[in-house]
Amino acid sequence: MEKTKTGKQKPAYGMASNCAFMIRRAWRECKGVLSVCAGLIFCGVAASQLELFVVPAILDAVEGGAAPGALARLILWFTLGMVLVRSLRAYLDENTIFGRILVRSSLCLDLHMHFCRTSFPHTEDPDYIKHTKKASKCLDSNGDAGEAIWKTLTDLATNVISFVIYLLVLSQVGPWVALLCMALSAASYFAGERIRVWRYNRREEEAALLHKLDYVIFRSRDMELAKDIRIFGIGPWLTELYDKYTRLYQDFYAKSMRYYLWADLLDGVLALLRNGAAYGLLIAMALRGELGAAEFVLYFMAVSGFAQWVTGIFTQLGILHRQSLELSTLREVMDTPEPFQFEGGKPLPVKDGHLYQLELRDVSFRYPGADADTLSHVNLTIHPGEKLAVVGKNGAGKTTLIKLLCGLYDPTQGQVLLDGEDIRQYDRRDYYKHFSAVFQQFSVMAGTMAENVAQVRGDKVDLPQVWDCLERAGVADKIRELPQREDTHLGREVYLDGVDLSGGQMQRLMLARALYKNAPVVVLDEPTAALDPIAESDLYQRYNDLTGDRTSVYISHRLASTRFCDRVLLIENGGIAEEGTHEELLKQGGRYAYLFDIQSKYYKEGAMEDE
């Protein structure tokens, strides 16, 4: 969004552009949506005109001395017309939802696919996440902008066409009558809207009050907290909070109702002025014989309905404006430029059996909004087939370094090189195929154990390879104990028969996933964090077998594990403080040796306490 001179965010797309966008989407996904809208507009206009002319037409026929048969046929034709129009409208209303849901679903799919495929930095950008949530909200339900806009456009078109017809009718009495009705109707709408919008502008305040009230209610009903509520005597405090937020919301609601009352009173006064002036003129003209009974009734009904169309136009324009803002957010998210190259980048196929060299050349990285670099002027070469350990305190930049190597971030300064070539030139998805990684945060699909290892569905899973990876990761025995073995569902969010694994078992399952991918570079970000020391030692003993001759990078918080690696890096103060083998670093007696000594004492003291 651009910013206006007042500092407010200006939407990137206007109302006309967003309407055209939705029409193009409907034309592509379901042309029936546009046909149904046209049919509803026709029915709405036709129904309003039949209602406007039916009584004057009958009166005109009576005044003209029409025969009873002709009068009956006239009434019959009007009745049939109303029945047909209303029946068609009811049919269209009943069936319009299917096409509109199809169009909204296509937008949902595009948004979700965009988020799944977008560059990784976007997934950690608070502004991008906030805009994505706002964009998703306009597609949540039938009443949100992604679908409700069709009703708004239909009602707006119906109101505009009916307004023009009524305007032509009233102009027969005199142009100033139409102008008077239009001016007072507009004044009534804008004056009332200025008051009614008070609550809309304070919707966040109202939502905050309701959120606090709902939170207190939810916590007081939470059975898991029942013990703490009783033991610590929290009940009276929760009751006090409930009473407090209830009073605050009641005050807010009462204040908004007072605003609505003034809006209704003002609307009534302006309506009285408008109708009184118009009706007075019509009555005077009728008394002077300038209007017949049929004309009087026609103009009288036109005055009564005229305000409806004027108010309807402004109301629908206001709704359309708000919906357009939401759709603009949706389009801005989907049009967000990507920092990485994807399909437009240079292809990078995986070479079977090839050992890759990775290099960080004068790399610095600073997170958006941070005051200092997390990594500063780092130079590192990871040789083909080398096993590298990265250690350091929490927050030192270990995971950041790993994500730079994997191409999840681009450096703020410097280059990440693969076999001497800058990775920014490549299709980033092709680059990702070169890495088998297990991060501290990982995703779990609502599928079977085998599908979660293979990351594909159904018959595409190579079961022998899945079991081989489960064995190597040390979790095969657990999977064999499950009711459906590898076909057991993981998690209970979707499947009622799903099972949950412990933290250590889940880490082993993720390790099996990385092994299944069998990429030339293995990256493990604290793969044993949820394992006990014995299980961790068992995994380390098989470390060489797990990684084979592939290049591997490994983050660990337990320094004893680094003895299995060819080289160890200690990250501190945004750079590489020490490097060498485990034994070499211990002999240096530096920071690494100091940290190792502290950990060793911890384990020794723990062992003595156990004894």
Side-chain angles (χ1 to χ4, degrees), residues 1 7-9 108 111-112 115 123-146 148 192-265 318-319 322-323 325-326 329-330 333 367-370 394-395 440-444 446 491-494 496 498 500 502-503 506 529-530:
M1 287 189 177
K8 294 183 178 180
Q9 295 289 337
C108 286
L111 179 63
H112 293 161
F115 190 70
T123 67
E124 297 185 334
D125 182 353
D127 289 336
Y128 179 85
I129 294 172
K130 181 178 70 175
H131 282 105
T132 302
K133 289 181 177 179
K134 288 179 64 177
S136 180
K137 186 172 176 57
C138 82
L139 302 172
D140 281 348
S141 68
N142 305 111
D144 291 315
E193 182 67 10
R194 184 177 179 84
I195 297 175
R196 284 188 291 270
V197 81
W198 178 88
R199 187 167 184 175
Y200 178 80
N201 289 337
R202 286 160 179 78
R203 62 193 183 280
E204 292 185 1
E205 177 185 348
E206 182 180 13
L209 287 173
L210 288 174
H211 174 73
K212 293 175 182 177
L213 189 59
D214 290 342
Y215 178 81
V216 174
I217 295 172
F218 172 76
R219 286 302 181 188
S220 62
R221 292 177 178 174
D222 191 341
M223 299 300 293
E224 295 183 1
L225 297 180
K227 177 179 64 178
D228 291 335
I229 290 174
R230 286 159 177 77
I231 290 177
F232 294 102
I234 302 175
W237 179 60
L238 289 173
T239 302
E240 181 183 350
L241 285 177
Y242 177 81
D243 292 339
K244 172 186 174 182
Y245 292 126
T246 299
R247 288 193 301 271
L248 287 173
Y249 186 72
Q250 287 174 341
D251 293 342
F252 177 87
Y253 188 80
K255 188 175 182 180
S256 66
M257 288 301 102
R258 287 194 292 271
Y259 275 91
Y260 283 130
L261 176 62
W262 283 109
D264 292 339
L265 287 173
I319 295 173
R322 290 193 289 270
Q323 291 172 342
L325 291 177
E326 295 176 11
T329 300
L330 170 67
V333 168
Y367 286 95
N394 289 337
Q440 295 178 42
Q441 295 179 335
F442 47 80
S443 60
V444 177
R492 298 174 180 173
E493 292 82 1
V494 176
L496 296 178
D500 293 321
S502 68
M506 185 64 75

query = Should the heavy atoms of other residues, nucleotides or ligands under 6.0 Å from OH of Y242 be counted, would the total exceed 12?
reply = no
request  = Check the pair L210 / Y245 against side-chain contact (heavy atoms from CB on, under 4.5 Å), numbers first and verdict last.
outcome  = CA-CA 8 Å; L210 288 174; Y245 292 126; over 6 Å; no
note = In this structure, OG1 of T246 is separated from CG of D251 (nearest 0.5 Å) by 11.0 Å
ask   = Of the non-hydrogen atoms in A145 and E326, which two are nearest, and what is the gap between them?
value = CB-OE1, 3.2 Å
remark   = In terms of heavy-atom contacts, G143 and A148 come closest through O-CB, 3.5 Å
remark   = In short, L139 meets C108 closest at the heavy-atom pair CB-SG, 3.5 Å
key: Heavy-atom side-chain proximity of D125 to P368 below 4.5 angstrom   = no
inquiry  = How long is the straight-line distance from CZ of F252 back to CG of L209, given to the nearest 0.5 Å?
reply    = 7.0 Å
request  = Output all residues satisfying salt bridge (charged side-chain N to carboxylate O under 4.0 Å, His left out) with E124, sequence neighbours left out; order by chain, then residue number.
outcome  = K403
message = If you compare all heavy atoms of I217 against all heavy atoms of S220, which two are closest, and at what distance to 0.1 Å?
response = O-OG, 2.8 Å
request  = Please round to the nearest 0.5 Å and tell me the distance separating atom NZ of K244 and atom CG of L248.
outcome  = 6.5 Å
query = Where do L330 and A135 come nearest, in terms of heavy atoms and distance?
reply = CA-CB, 3.6 Å
inquiry  = For a quick test of reading the model, state the closest non-hydrogen atom pair linking T329 to H131 and the distance between them.
reply    = CG2-O, 3.7 Å
key: Set of ring pair (Phe, Tyr, Trp, His ring centres under 6.0 Å) partners for F115, sequence neighbours left out   = none
query = Quick one: side chain to side chain donor-acceptor pair (under 3.5 Å) partners of D144, sequence neighbours excluded?
reply = S141
ask   = So, T132 side chain and Y128 main chain: donor-acceptor pair closer than 3.5 Å or not?
value = yes
